[in-house]
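Here is the structure we will look at, set down as structure tokens.
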Amino acid sequence: MIFTNLIETNLRTKVFGKNIEYYQRLESTNAESWSLIKKDMANHGTIIITDNQIKGKGRNGNTWFMSPSKGLAMSIILLEPLQIKDAERIPIAAGVAAAKTLENRGVNASLKWPNDIMINEKKCGGILCESKILNQNIQSMVVGIGININENKYDFPPEILETATSLFIETGYSHQRELLCAIFTTFFERELNNLSLTLDLWKNYCSHIGQIISFNHKGEKYSGTFKGIDSNGGALIEIENDIKNFTSIIMD
Ligand code: BTN
């Protein structure tokens, strides 16, 4: 059970989270967000949150595992039109907000491009930003975030047992998911109002500048040296002596 009044009490936002849609069980908070946008039933800053996400979407068509009643799965709907170059900074802002949220709860988090949220080299969360484009502008965006909060080691399926962690595992005590949701939303709204500083903050949290990384992009596998991010938030990767630019948002 998630208590939306606990989220509301802890929010320190001007716009985000004024409308919160809670579902006991849902396939995916991102998918539900798109369905509400389509039906014209969402506002800018609406939060969609569930206690049990059964078909969470991860990057590259992967599924995102959430342990019922233990993890945090939520999406924030953005409905203000944006130029594509500005939109690329939004996942960066979400990553910084997530790292700050975990820091606020007592752990040192780092970020791995495109948006893995890491604690002690293990994955504690992920961000999936999906957008719809019209006339070369982003019309709407759904920022989905999943964080492992109160899972113990054996809650994770075998395939991620060794690579995943949770806030509970890292701190030794349980955390209130509503508070985490409110803190993330508050930091995220602040980062979006301060996008010029976000890029530098992201670089400070990034744990792998100068290292070789492998990743999937639009169905293809790439490997190269991660050089940092450009002024729009796209990744700069050196592949065969050439610096290539990769965006982290999914555009439709
Ligand atoms: C990743 O692959 O690292 C991104 C995972 C993003 C998961 C979150 S959970 C809430 C939101 N709803 C979804 O269906 N996916 C995102």
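Counting only distance, with no hydrogens or angles, the side chain of His208 and the backbone of Trp113 share a donor-acceptor pair below 3.5 Å. Side chain of Asn193 to backbone of Glu189: a donor-acceptor contact under 3.5 angstrom is found. Side-chain atoms of Glu103 do not come within 3.5 Å of backbone N or O of Asn108 as any donor-acceptor pair. Although no hydrogens or angles enter the test, the distance criterion places no donor-acceptor pair under 3.5 Å between the side chain of Thr46 and the main chain of Ala42. Checking side-chain atoms of Asn115 against main-chain N and O of Pro91 turns up a donor-acceptor pair under 3.5 Å.
Between Asp51 and the options Gln24, Arg177, Arg25, a side-chain hydrogen bond (donor to acceptor under 3.5 Å, both in side chains) holds for only Arg177. Between Thr165 and the options Lys122, Lys123, Glu170, a side-chain hydrogen bond (donor to acceptor under 3.5 Å, both in side chains) holds for only Glu170.
Across all non-hydrogen atoms, the minimal contact from Ala98 to Ile127 is CB-CD1, 4.4 Å. Taking all atoms of both residues into account, the shortest heavy-atom contact from Thr29 to Ala73 is CG2-O, 3.6 Å.
Atom CG of Asn137 has more than 12 heavy atoms from other residues, nucleotides or ligands within 6.0 Å. Counting heavy-atom neighbours within 6.0 Å of Lys57 NZ, excluding the residue itself, gives a total above 12. For Ile212, the CD1 atom counts as loosely surrounded, since its 6.0 Å shell holds 12 or fewer non-hydrogen atoms of other residues, nucleotides or ligands. Heavy atoms of other residues, nucleotides or ligands lying less than 6.0 angstrom from NZ of Lys203 number more than 12.
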- Query: Between Leu167 and Ile147, is a side chain to side chain contact (heavy atoms under 4.5 Å, CB included) present by the stated rule, with each step listed?
  - Reply: CA-CA 8 Å; Leu167 205 46; Ile147 306 184; 5.7 Å; no

- Item | side chain to side chain contact (heavy atoms under 4.5 Å, CB included) assessment of Glu32 paired with Ser28 | CA-CA 6 Å; Glu32 182 62 23; Ser28 148; over 6 Å; no

- Item | Asn216/Tyr222 under side chain to side chain contact (heavy atoms under 4.5 Å, CB included): CA gap, chis, key distance, verdict | CA-CA 6 Å; Asn216 283 308; Tyr222 293 88; over 6 Å; no

- Take Asn19 and Ile47 through the test side chain to side chain contact (heavy atoms under 4.5 Å, CB included) and record every step on the way to the result. CA-CA 6 Å; Asn19 178 25; Ile47 295 176; over 6 Å; no

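Distance CE/Met1 to OG/Ser69: 10.5 Å, rounded to 0.5 Å.
Cation-pi geometry between Lys132 and Trp34 is met: under 6.0 angstrom from the ring centre, within 45 degrees of the axis.
With salt bridges taken as basic N to acidic carboxylate O contacts below 4.0 Å, none links Glu8 and Lys18. Of the charged side-chain nitrogens involved, at least one lies within less than 4.0 Å of a carboxylate oxygen, so that Lys100 and Glu191 count as a salt-bridged pair.
The side-chain hydrogen bond (donor to acceptor under 3.5 Å, both in side chains) pairs that include a residue from residues 143-163 are Lys70-Asp155, where partners are two or more places apart or lie in different chains.
The aromatic rings of His217 and Phe215 stand perpendicular to each other, their planes meeting at an angle above 60°, with 30° marking the opposite boundary.
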